[in-house]
Q: 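Would you mind keeping the following structure in view while I ask a few things?
Reminder, nothing fancy here: chain letters follow the sequence lines and each chain counts from 1. Since the structure is predicted, the reported quantities are computational estimates derived from the model, not experimental observations.
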There are 2 protein chains.
Amino acid sequence: MIYDLLKQNILKNVQFSKSELDTFCKHFHPKIIPKKEILLSQGEICKFEGFVLEGCFRLFTIDNKGNEITLYFAVKDWWLMDVDSFLNKTPSSINIQALEDSKILMIDKSDKLALYQSLPVVEKLFRIMSQKALVAWQRRLIRNHCYTAKERYHYFLKTYPDISLKLTDKQIASYVGITHEFLSKLKKQPADQ
Amino acid sequence: MIYDLLKQNILKNVQFSKSELDTFCKHFHPKIIPKKEILLSQGEICKFEGFVLEGCFRLFTIDNKGNEITLYFAVKDWWLMDVDSFLNKTPSSINIQALEDSKILMIDKSDKLALYQSLPVVEKLFRIMSQKALVAWQRRLIRNHCYTAKERYHYFLKTYPDISLKLTDKQIASYVGITHEFLSKLKKQPADQ
DNA sequence: AAAAATAGTTGAACTTGTTCAACTATTTGT
DNA sequence: ACAAATAGTTGAACAAGTTCAACTATTTTT
């Protein structure tokens, strides 16, 4: 069933009854996003939340010097949104673009806010999801300080072997935080040196 | 009253009734932490959450090369904990140290978990606090890529003028992500150059 | 008040990663 | 299948930030 993956994802974080799962899921609607399409553009206000079923997305921002920084790549079982823009109704500073033909489950902001009201356990779900995400961002910041570019690159390959197969080196470089020219040079060196 | 600041902090994030505020606060106990004392050490499991009333704390990690990376400084109105360790019962990778004689409100993990049960609006409070924190970490990672060391240093001074007065340059450098020698050189240059 | 420890400064040599430019290889659109 | 666009490679010059060491200034401890 179309909601199976979403239900599994929820149950990884918190206990939901069968009926709670159904109530939750029925507000999510499938959507096909063709390759290259932009789901959210820098400047727009994010009024949805998405859950990836198939394909791959890149969430990135473009700084004032024109550099692209990739926040993360989202494949099957990942969530898509700009928390900042969604929460604070501010223009988004990120772009969400499909790197492949993709399929997501989408919920409108108004439906999500209604869910928080009608199904209190949803607060717990997103409390836990947010705390886990927060921890991941903390760790990434620490890695960015402690690890060299080369170590960060190999960490990425090791941590997301499946995702990295779908990406160009340029996209990986924008996640690792280096130029693609330098990544090209790194690749020539053996991993341990 | 001792809980005034905590109550204000809560109301910034979510609407609590007077009785909800009281029920929430009564599980927090004041604690004095003298200067230099370590509230949580790397390796320990974090079984509390703290809210700063007075003084100043540094949350930092020491990497395998012996470098100190400061996650953040916590003064009045900031929260203290290692979310990762608290949530996942894993040995903490951070140290929390008082930089001055300080006073906090502290809640035990078991009391906090009980609060989630007895007062459902607490889930909402921490859902929102976590989402805001998550956004702050996202933004910091982006700044670390886009800004030079000098820009990050001046951003810190501008954003936390009150906190920076309490800190040594060495501590600031460990937040900005540079050596204190380099910070010393940066300070000689005019801010805009 | 003296001694010890910690913080801050400075310079020289060095390392890591960037920039720019020219080129080759691969993918995409028609 | 061809043209156009995009991705990847390579090298040389450069810039940002580190390391190490020697020194001075300030703070803490006794």
Q: Can you name the nearest heavy-atom pair linking B:Ser93 to B:Asp82, along with the distance?
A: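 The pair with the smallest heavy-atom distance is N-OD2, 3.6 Å.
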Q: Regarding B:Lys185, tell me which of base, sugar-phosphate or nothing describes its non-hydrogen contacts under 4.0 Å with the strands shown.
A: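 Base contact.
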Q: I need the full list of salt bridge (Lys or Arg N to Asp or Glu O under 4.0 Å) pairs touching residues 171-187 of chain B, with sequence neighbours left out, sorted by first then second residue.
A: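 Passing the test, one end in residues 171-187 of chain B: B:Asp169-B:Lys187.
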Q: Roughly, in whole Å, what's the span from CD in B:Glu181 to P in C:dA12?
A: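 Rounding to the nearest Å, CD of B:Glu181 and P of C:dA12 are 16 Å apart.
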Q: Please, which pairs that meet salt bridge (Lys or Arg N to Asp or Glu O under 4.0 Å) have at least one residue in residues 15-29 of chain B, sequence neighbours excluded?
A: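 For residues 15-29 of chain B, and leaving out neighbouring residues, the salt bridge (Lys or Arg N to Asp or Glu O under 4.0 Å) pairs sorted by first residue read B:Lys7-B:Asp22.
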Q: Using a 4.5 Å cut-off between side-chain heavy atoms of Ile, Leu, Val, Met, Phe, Trp and Tyr, which other residues end up in the same hydrophobic cluster as A:Leu87?
A: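 None, because no other hydrophobic side chain comes under 4.5 Å of this residue.
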Q: For the pair made of NE2 in A:His180 and C1' in C:dG17, what is the distance, rounded to whole Å?
A: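 That distance rounds to 14 Å.
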Q: Through direct or indirect side-chain contacts below 4.5 angstrom among Ile, Leu, Val, Met, Phe, Trp and Tyr, which residues connect to A:Ile62?
A: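 Under the 4.5 Å side-chain rule, A:Ile62 groups with A:Phe60.
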Q: List the residues meeting salt bridge (Lys or Arg N to Asp or Glu O under 4.0 Å) with B:Lys166, not counting sequence neighbours, and say none if there are none.
A: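 Testing B:Lys166 for salt bridge (Lys or Arg N to Asp or Glu O under 4.0 Å), a comparison that skips the adjacent residues, returns B:Glu100.
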Q: I'd like to check the salt bridge (Lys or Arg N to Asp or Glu O under 4.0 Å) partners of A:Arg58; sequence neighbours left out, ordered by chain and number.
A: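 Applying salt bridge (Lys or Arg N to Asp or Glu O under 4.0 Å) to A:Arg58 gives A:Glu68.
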Q: Do the rings of A:Phe156 and A:Tyr175 sit parallel, tilted or perpendicular, given the 30° and 60° boundaries?
A: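 Answer is tilted, since the angle falls between 30° and 60°.
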Q: Check every nucleotide of DNA chain D for an atom under 4.0 Å from a heavy-atom of chain A, then give the first and the last such nucleotide from 5' to 3'.
A: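 Endpoints of the contacted stretch of DNA chain D: D:dA7 to D:dA12.
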Q: Can you check the A:Phe182 CZ to C:dT15 P distance for me, whole Å?
A: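 It is 14 Å, rounded to the nearest whole Å.
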Q: Which residues pass the side-chain contact (heavy atoms from CB on, under 4.5 Å) test with A:Arg143, sequence neighbours left out?
A: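 So A:Arg143 forms a side-chain contact (heavy atoms from CB on, under 4.5 Å) with A:Arg139, A:Arg140, A:Tyr147, A:Tyr155.
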Q: Which residue pairs pass the side chain to side chain donor-acceptor pair (under 3.5 Å) test when at least one of the two sits in residues 39-53 of chain B, sequence neighbours left out?
A: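 The answer is B:Ser41-B:Glu44, B:Gln42-B:Thr61, B:Gln42-B:Asn95, B:Glu49-B:Lys112.
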Q: Between residues 156-176 of chain A and DNA chain C, which residues have a heavy-atom gap below 4.0 Å?
A: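 Of all residues in residues 156-176 of chain A, none places a heavy atom under 4.0 Å from DNA chain C.
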Q: Assign each of B:Tyr147 and B:Lys36 to its nearest nucleotide of DNA chain D by heavy atoms, then name whichever residue's nucleotide is nearer the 5' end.
A: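 With B:Tyr147 and B:Lys36 compared, the 5'-side residue is B:Tyr147.
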Q: C:dG17, OP1 or OP2 - any side-chain N/O from A:Thr179 closer than 4.0 Å?
A: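 No, no such contact exists.
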Q: Base, sugar-phosphate, or nothing: which does A:Lys65 touch, judged by heavy atoms less than 4.0 Å apart?
A: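 The answer is nothing, as A:Lys65 stays clear of every strand by at least 4.0 Å.
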Q: Could you state the atom-to-atom distance from CD of A:Glu37 to P of C:dT28 in whole Å?
A: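 It works out to 17 Å between those atoms.
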Q: Which residues satisfy the salt bridge (Lys or Arg N to Asp or Glu O under 4.0 Å) test with B:Lys124, sequence neighbours excluded?
A: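 Salt bridge (Lys or Arg N to Asp or Glu O under 4.0 Å) list for B:Lys124, sorted by chain: A:Glu123.
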Q: Using rotation axes that map the C1' atoms of four end pairs onto the next four (five pairs an end), what angle separates the end axes of the helix from C:dA1-D:dT30 to C:dT30-D:dA1, to 10°?
A: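 Roughly 70°, once rounded to the nearest ten degrees.
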